[in-house]
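Note sheet for the following structure.
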Amino acid sequence: AAALTVDGTLYGWGNNYSNPLALEGYTESDWMVSVPTPITAFPEPVVDLDAGAYGLGAVLESGKVWATALPFVKNSQVFTGDSNNSILPVTNAKQVAMGGNSIAALTASGNVWTKGVNGGDYPSSTFILGNPDVGYQSEQALVKGPNGVGFLTDAIYLSEGNSTAYVIRKDGTLWSWGSNQYGQLGIGIAGNRESATPSKVPVAVTVDGAPFKLAASADASLKAISLN
């Protein structure tokens with residue numbers, strides 16, 4: 001577990017085997033962290049934080065994305081583009097979400113970038129990366145638009161479960177993609193009916209400038225959409 005306080009301080013605790021919390025002075029005998037402990041691994045102040053199965057993801061003050069542990073990277077920047085500059089680094093992120101084997105970043109322009117494994121143990125049945133063109137694993141990819149047309153736009157809030165992702169768009173609509181084994185996509189069907197690209201969930205979310213939260217549990221089922 002990890003927490004970001006209002007003054008920007010980071011704390012981590014719980015199972016820290018192989019040091020996914022990136023705590024200073026870690027040894028194998030110290031893998032169980034029973035009290036919140038300061039995290040100082042990030043090179044800049046952190047503005048958004050999420051914890052996943054393998055480590056922490058953070059949006060830095062500069063808009064870059066950082067992760068602490070494999071399978072993405074080992075305590076370094078994520079979404080760095082490619083060597084021939086056909087894909088540019090992400091420097092305008094505002095929110096990060098961690099899945100079971102994936103990481104996603106929502107940018108200030110309303111797009112969503114993903115990276116990681118596109119399917120856990122069953123690569124053909126999850127599509128957590130929201131882009132069927134990248135195959136089983138991707139270094140960096142934009143989430144496709146509905147029906148695979150173009151790319152997802154106007155996203156304002158992002159959440160990931162273990163193998164399913166959710167986005168709220170500017171117009172108050174809710175979209176989901178990934179695994180649907182237990183009906184967690186919310187689109188009226190269940191079972192092995194994954195959605196490789198965003199599908200519209202038949203519910204409207206009232207935004208109107210009010211703060212809200214979209215929460216996905218560890219087993220990827222949508223738990224709550226709430227106004228605070």
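By the rule that hydrophobic residues join a cluster once side-chain heavy atoms approach within less than 4.5 Å of another member, Y17 and M32 end up as members of one cluster. Note on V33 and L10: same hydrophobic cluster, where clusters join Ile, Leu, Val, Met, Phe, Trp and Tyr whose side-chain heavy atoms are under 4.5 Å apart, directly or indirectly. Cluster membership check: W175 does not share its hydrophobic cluster with L142, using side-chain heavy-atom separations under 4.5 Å among Ile, Leu, Val, Met, Phe, Trp and Tyr.
Nearest heavy-atom pair, A2 versus L49, reported as atom, atom and distance to 0.1 Å: CB-CD2, 3.9 Å. Taking every heavy atom of both residues into account, V59 and A93 meet most closely at CG1-O, 3.3 Å. Pairing each heavy atom of T68 with each of G55, the nearest pair is OG1-CA, 3.6 Å. The two residues G81 and Q140 make their nearest non-hydrogen contact at N-OE1, 2.9 Å. Smallest separation of non-hydrogen atoms from S163 and Q184: OG-NE2, 4.5 Å. I103 approaches A67 most closely through the heavy-atom pair CD1-CB, 4.2 Å.
Between the CD1 atom of I156 and the CD1 atom of I168 there is a distance of 6.5 Å, given to the nearest 0.5 Å. Summarising the geometry, atom OG1 belonging to T37 is positioned 13.0 Å from atom OH belonging to Y26; distances are rounded to the nearest 0.5 Å. Remark: D50 CG to L4 CG distance equals 11.0 Å, nearest 0.5 Å. Here CG of L158 is found 5.0 Å from CD of Q95. Values are rounded to the nearest 0.5 Å. Expressed to the nearest 0.5 Å, how far CG of L152 lies from CG of N131 amounts to 11.0 Å. Here NZ of K144 is found 4.0 Å from CG of D133. Values are rounded to the nearest 0.5 Å.
Looking at S195 and F127, their side chains never come closer than 4.5 Å, going by heavy atoms from C-beta outward. W66 is not listed as a side-chain neighbour of V46, based on a closest heavy-atom distance of 4.5 Å or more. A heavy-atom distance below 4.5 Å is found between the side chains of L185 and T164. Between T40 and E24, some side-chain heavy-atom pair lies under the 4.5 Å cut-off. In this structure, the side chains of L174 and V167 stay at 4.5 Å or more apart for every pair of heavy atoms. Counting heavy atoms from C-beta on, the side chains of V134 and N118 come closer than 4.5 Å. Considering only heavy atoms from C-beta on, Y54 comes within 4.5 Å of N101 through its side chain. With contacts defined as side-chain heavy-atom distances shorter than 4.5 Å, the pair S199/W177 does not qualify.
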Residues E160, S102; criterion side-chain contact (heavy atoms from CB on, under 4.5 Å); working and verdict: CA-CA 9 Å; E160 280 199 358; S102 62; 3.1 Å; yes
Could you give me the CA-CA distance, side-chain angles and deciding distance for D171 and D154, then say whether side-chain contact (heavy atoms from CB on, under 4.5 Å) is met? CA-CA 8 Å; D171 60 2; D154 296 330; over 6 Å; no
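For T9, the side chain to side chain donor-acceptor pair (under 3.5 Å) partners two or more places apart in sequence, or in a different chain, are D7.
Without hydrogens or angle criteria, N16 side chain to L21 main chain gives a donor-acceptor distance under 3.5 Å.
With L56 as reference, I39 is the one residue of I39, V96, N75 to meet the side chain to side chain contact (heavy atoms under 4.5 Å, CB included) rule.
Side chain to side chain, W31 and N19 fail the donor-acceptor criterion of an N or O pair below 3.5 Å.
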